[in-house]
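All of these numbers come straight from a predicted model, not from anything done at the bench. One-based numbering, in listed order, for ligands and for the atoms of each.
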Amino acid sequence: MKFLILNGPNLNLLGRREPGIYGEGTYRALCTRLEEFAAAHGSAAVCVQSNSEGGIIDAIHAARSVYDAIILNPGAYTHYSYAILDALKAADVPCIEVHISNVHQREEFRRHSVTAPACVGQICGLGSYGYEAAMGYFLAQGGIPQCV
Ligand code: DQA
């Protein structure tokens with residue numbers, strides 16, 4: 001399978017951004033780990049990060065017919081970007097939304113995702129392991145998301 005690992009605003013700062021919440025590992029280290037995980041499963045993972053809404057939308061548009069699945073952490077856009085929701089609906093590529101932190105243990109505004117309804121599912125609170133968990137789901141499904 002070919003995975004697009006798409007991270008939104010401020011996730012390039014992993015390692016120095018609120019490490020008590022997001023951990024001490026850097027964004028680069030995360031990408032290397034995810035690329036290795038995919039390769040170990042006969043797959044490929046390509047990491048893309050954008051701090052802008054348009055950058056995320058362009059990456060979702062470009063994923064069509066190129067990737068089998070998207071693993072998306074939209075960052076704060078999760079909570080208000082109807083444009084990313086619409087892009088996911090149009091993408092025709094299954095997506096799992098990942099949050100490193102447990103958004104339900106934090107501020108009220110983080111509890112609601114406007115983008116999750118266009119996703120197969122949402123993973124949060126597992127730290128950066130959530131990205132591997134999402135890939136593991138798609139690998140177990142053979143790339144075809146099913147309701148369980
Ligand atoms: C986040 C949670 C969001 O609320 C926050 O704005 C982020 C990161 C997470 O991975 O836990 O930027 O998506």
Side-chain angles (χ1 to χ4, degrees), residues 1-41 43-64 67-141 145 148:
M1 292 190 71
K2 198 166 173 200
F3 295 103
L4 172 63
I5 314 289
L6 183 54
N7 278 289
N10 302 308
L11 289 155
N12 55 314
L13 299 181
L14 284 176
R16 62 188 168 94
R17 172 194 184 197
E18 299 181 270
I21 294 175
Y22 298 112
E24 295 190 349
T26 64
Y27 173 71
R28 216 2 68 212
L30 173 67
C31 292
T32 301
R33 205 183 77 206
L34 299 178
E35 287 158 11
E36 287 173 359
F37 178 89
H41 290 83
S43 296
V46 174
C47 292
V48 172
Q49 190 274 334
S50 176
N51 287 318
S52 75
E53 190 176 30
I56 296 168
I57 292 166
D58 287 344
I60 293 169
H61 290 176
R64 197 186 175 109
Y67 293 96
D68 299 302
I70 302 172
I71 316 291
L72 172 65
N73 184 342
Y77 285 130
T78 304
H79 314 299
Y80 63 94
S81 177
Y82 299 115
I84 293 176
L85 169 70
D86 286 347
L88 289 170
K89 283 183 175 170
D92 219 19
V93 182
C95 177
I96 292 180
E97 181 171 303
V98 169
H99 299 288
I100 295 167
S101 66
N102 185 337
V103 287
H104 302 287
Q105 291 175 343
R106 303 180 64 195
E107 301 96 321
E108 180 70 37
F109 77 88
R110 295 187 202 275
R111 291 185 194 164
H112 184 62
S113 168
V114 302
T115 47
C119 297
V120 178
Q122 186 197 52
I123 295 168
C124 80
L126 304 186
S128 64
Y129 172 73
Y131 295 92
E132 275 112 339
M135 278 194 277
Y137 173 83
F138 282 121
L139 289 165
Q141 300 291 326
V148 283

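Ring planes of His99 and His79: parallel class, angle under 30° (limits at 30 and 60°).
Considering only residues two or more places apart in sequence or on other chains, Tyr77 meets the side-chain hydrogen bond (donor to acceptor under 3.5 Å, both in side chains) condition with none of them.
Around ligand 1 you find Arg17, Tyr22, Asn73, Gly75, Ala76, His79, His99, Ile100, Ser101, Val103, Arg110, each with a heavy-atom distance below 4.0 Å.
Other residues, nucleotides and ligands contribute at most 12 non-hydrogen atoms within 6.0 Å of the OH atom of Tyr129. More than 12 heavy atoms of other residues, nucleotides or ligands sit less than 6.0 Å from atom CD of Glu107.
Distance CZ/Arg106 to CD1/Ile21: 4.0 Å, rounded to 0.5 Å.
One side chain, Ser128 or Arg33, offers a donor N or O that lies under 3.5 Å from an acceptor on the other.
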